[in-house]
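Remarks on the structure that follows.
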Amino acid sequence: MKWLIRILFILVAVAGLVIGALLLMPGDKLGKILAEQVKAQTGRELTLSGDVRLSFWPVLGMETGPVTFGNAPWASSEPMLSAQSLAVGVDASALLAGDVRIRRVVAEDPVLRLELSQGRGNWELSAPQTGASNTGSGNVDAPAPNSAAPAETGTVTLDRLELSNARLVYVENSVPQMDFSGVDLMASWPDVTAPMKMSASMPVPGGAVEVDLEIPDLPAFSSGAVTPLVLGLTAPGGEISFDGRVNLAGEMDGKTHVRTTNTDAMLAAFGQGGVSVPMGLGRVADVSGQMTYTKDGRISLRDIRAVLDQNSFDGAADIVIASPPKITARLSTGDLDLTQATAGSAPSSGGGTGGGKQAAEGWSQAPIDASPLSLANGTIRLKANSIAIPDMTFGPSDLSLSLDRSRAVLKMEPATLFSGKLTGEVVANNRNGLSVGGNLTATGIDLKQALTTLGGVERLSGTASGTLQFLGVGQTEVQIMRSLSGKGSLDVGKGVISGFDLDRLMGRGEGSGGTTVFNSLTATYTIQDGNLTNNDLLMQLDNFRADGAGRVGLGARDIDYVFTPVALRANGGNGIAVPVRIKGPWSDPSIKPDLSKVIEAATEEKLKELEQDAKDKALKKVGEELNTTISDSEQVEDALKQKLEDEAKKGLLKLLGRD
């Protein structure tokens with residue numbers, strides 16, 4: 001028994017001497033020994049600077065100053081890990097049992113660079129190959145005959161990982177995918193069967209992004225299997241949650257929920273500062289759906305339910321992450337309210353500007369910001385019960401918006417507007433300065449609604465159909481309207497013109513006040529330099545017809561137009577046809593009989609009468625001289641010839657001695 005006690009005493013003494021020697025050994029010597037052991041086990045270079053301090057029980061630990069840990073041979077030259085200080089502690093008793101229970105990993109100002117290439121990750125550590133040759137085959141990678149199978153390794157767990165002011169870099173196939181600085185990270189995986197939990201914080205404009213993540217089965221995730229994932233993210237202005245599945249490549253599939261109280265602030269936190277979300281499109285948002293993300297940068301959203309301010313949408317979308325992103329979506333909504341989409345951050349109490357006020361003020365000279373046309377590419381189709389925008393409201397509509405390199409095409413298939421239907425397309429192109437154009441066909445349009453809304457003109461009403469092709473160029477509303485060119489046609493059924501009474505005008509020569517009811521109105525027109533010109537307007541009334549010709553200034557918002565009424569029945573001699581001239585600004589044009597036309601017509605008629613009277617007198621005088629009756633100028637020549645023949649015969653008979 002004494003010899004056993006002596007042996008134990010000797011072993012304890014030797015261990016004490018070894019431990020004492022290690023504790024008394026200079027830090028640089030300890031660092032060199034540790035670096036050699038790490039390289040032997042992993043093939044990676046470990047560089048330790050400053051003092052190295054060790055602890056042995058109950059935690060086998062190390063604390064060091066600046067440290068770097070090398071990268072995989074196939075990866076970049078940058079180290080996988082560097083830090084200003086590092087503390088590592090391992091449970092000594094668990095280590096004796098063959099398990100690695102990491103009590104702590106604490107690093108200050110670390111830079112962690114994770115790289116993935118062809119399925120290999122630089123975080124995968126293995127002992128370097130010995131290069132032992134197989135003399136039979138010459139294959140240096142083949143294992144030696146009768147080599148023993150690798151021993152089973154114990155479990156690895158982590159009580160606490162703490163990174164302060166870290167920089168996290170993720171590179172996939174030599175392309176940086178993520179680079180975050182100023183990150184504080186905490187992670188824990190206390191047992192093989194326990195979930196791995198991680199929380200991180202990163203400063204962003206306006207505050208910080210907080211992330212909480214839980215992976216229930218870390219070993220399966222590390223092996224590349226698809227495993228559950230629960231993630232919560234809080235940022236200035238909103239939060240994101242995900243509950244689904246993920247794999248090591250970052251591919252995800254699950255329920256996603258996004259809530260924002262200030263979408264502009266949240267976008268700024270993610271690097272999209274300066275973007276202002278229009279009112280009605282999600283300044284405050286609640287969006288949920290089933291999301292699938294693939295490693296090639298594609299996001300699929302299904303069963304979308306989105307509440308954006310006062311509006312709600314349902315549908316599906318596919319997004320390709322690119323610069324700019326490509327979006328393909330099909331959405332449906334009820335009553336879409338965009339009346340404040342162009343308002344400032346605080347909605348005005350009075351709503352949008354009315355047509356009458358706009359007509360009085362003229363077209364806006366404020367620069368048009370068309371930069372949103374470049375934010376994305378793709379196609380978005382929207383079906384809505386109604387769409388309210390400033391100054392007008394669409395009824396049930398099927399719209400398709402295509403975006404391609406700052407060019408937007410809005411197709412109406414159809415759109416309901418002014419109680420009628422619009423089909424065709426409108427284009428806005430901002431590739432080389434802003435231009436707008438369109439090719440539209442309208443049926444059943446309430447003309448008074450349309451003219452009042454678009455131009456403040458309230459005097460003409462009826463149900464209209466027509467076509468319109470147009471093109472305008474400019475950076476302001478007034479520039480576009482003054483540059484308009486195009487053509488079109490108009491066909492109006494029964495309608496009313498307010499401001500003058502054509503029946504009274506034709507009957508008694510007084511046409512001021514009252515209204516004119518017409519049965520139909522047709523016209524074609526051309527547009528050039530913001531002026532609409534028409535020369536073939538035809539208006540049919542019960543007793544009259546009216547022809548029209550003139551100019552409508554779309555850019556200048558004025559009109560100079562003449563109606564010429566024509567009686568279709570006898571008017572009892574109580575009046576004459578008096579052309580009506582409409583001239584002046586759209587907001588208050590003058591409507592007066594065109595007396596110059598009346599005078600011209602009367603003068604022309606009088607001249608015709610005088611000319612005919614003089615002609616009749618001349619023919620009568622010539623007839624008397626020629627002793628015949630002449631009724632028109634063509635008979636004068638015949639009468640003169642006959643008179644000359646008679647006189648010649650008389651002279652010849654006298655010569656021959658005959659009477």
Side-chain angles (χ1 to χ4, degrees), residues 170-180 204-206 209 233 235-238 240 242 249-252 256 258 260 262-283 285 287 289-302 304 306 308-309 311 313 315-331 333 336 338 341-342 367-382 389 399-411 425-437 473 475:
Y170 177 66
V171 179
E172 186 172 339
N173 296 323
S174 302
V175 178
Q177 301 291 332
M178 182 180 70
D179 191 341
F180 297 136
V204 295
V209 170
L233 182 149
I240 300 173
F242 175 85
E251 296 178 318
M252 307 171 72
T256 304
V258 180
T260 71
N262 186 334
T263 304
D264 291 352
M266 192 169 184
L267 289 173
F270 289 102
Q272 300 297 319
V275 176
S276 180
V277 177
M279 177 63 70
L281 292 180
R283 289 184 177 177
V287 182
Q290 188 72 20
M291 183 196 76
T292 300
Y293 170 75
T294 58
K295 63 181 180 181
D296 58 353
R298 297 177 182 272
I299 299 175
S300 172
L301 297 171
R302 297 294 181 266
I304 296 174
L308 309 180
D309 300 320
N311 299 311
F313 300 85
D318 293 297
I319 303 171
V320 177
I321 299 176
S323 182
K326 183 178 180 180
I327 302 172
T328 303
R330 294 177 65 91
L331 303 173
T333 183
L336 179 59
L338 299 178
T342 58
I368 298 173
D369 181 12
S371 60
L373 295 177
S374 65
L375 293 179
N377 294 329
T379 302
I380 301 173
R381 186 170 182 178
L382 173 66
I389 61 177
L399 308 178
S400 178
L401 177 64
S402 298
L403 295 168
D404 180 27
R405 296 177 294 116
S406 298
R407 182 177 183 268
V409 179
L410 177 64
K411 292 184 178 180
E425 63 182 32
V426 176
V427 179
N429 190 338
N430 196 40
R431 291 175 180 172
N432 295 296
L434 180 61
S435 64
V436 295
V473 179
Q475 296 300 135

Looking at Asp318 and Arg302, does any basic side-chain N land under 4.0 Å from a carboxylate oxygen?
yes
Ignoring hydrogens, what is the shortest heavy-atom contact between Gly282 and Thr260? Give both atom names and the distance.
O-OG1, 4.3 Å
If every non-hydrogen atom of Ala269 is compared with every non-hydrogen atom of Pro236, which pair is closest and at what distance?
CB-CD, 3.9 Å
Could you tell me which non-hydrogen atom of Leu336 sits nearest to which non-hydrogen atom of Thr333, and how far apart they are?
CB-CG2, 4.1 Å
What one should report as the nearest heavy-atom pair of Pro325 and Leu375 is CD-O, 3.4 Å
When you compare the side chain of Asp296 with that of Val320, does any pair of heavy atoms fall below 4.5 Å?
no
Which atoms form the tightest heavy-atom contact between Asp264 and Val277, and what is the distance?
OD1-N, 2.9 Å
Closest heavy-atom pair, Leu434 versus Ala370, reported as atoms and distance to 0.1 Å, is CD1-CB, 4.0 Å
Can you tell if the side chain of Arg431 reaches within under 4.5 Å of the side chain of Asp404, non-hydrogen atoms only?
yes
Do Met291 and Ile304 have side-chain heavy atoms sitting under 4.5 Å apart?
no
I'd like to check Val426 versus Val436 (side-chain heavy atoms, cut-off strictly below 4.5 Å). Are they in contact?
no
With a 4.5 Å heavy-atom cut-off, do Asn311 and Leu281 have their side chains touching?
no
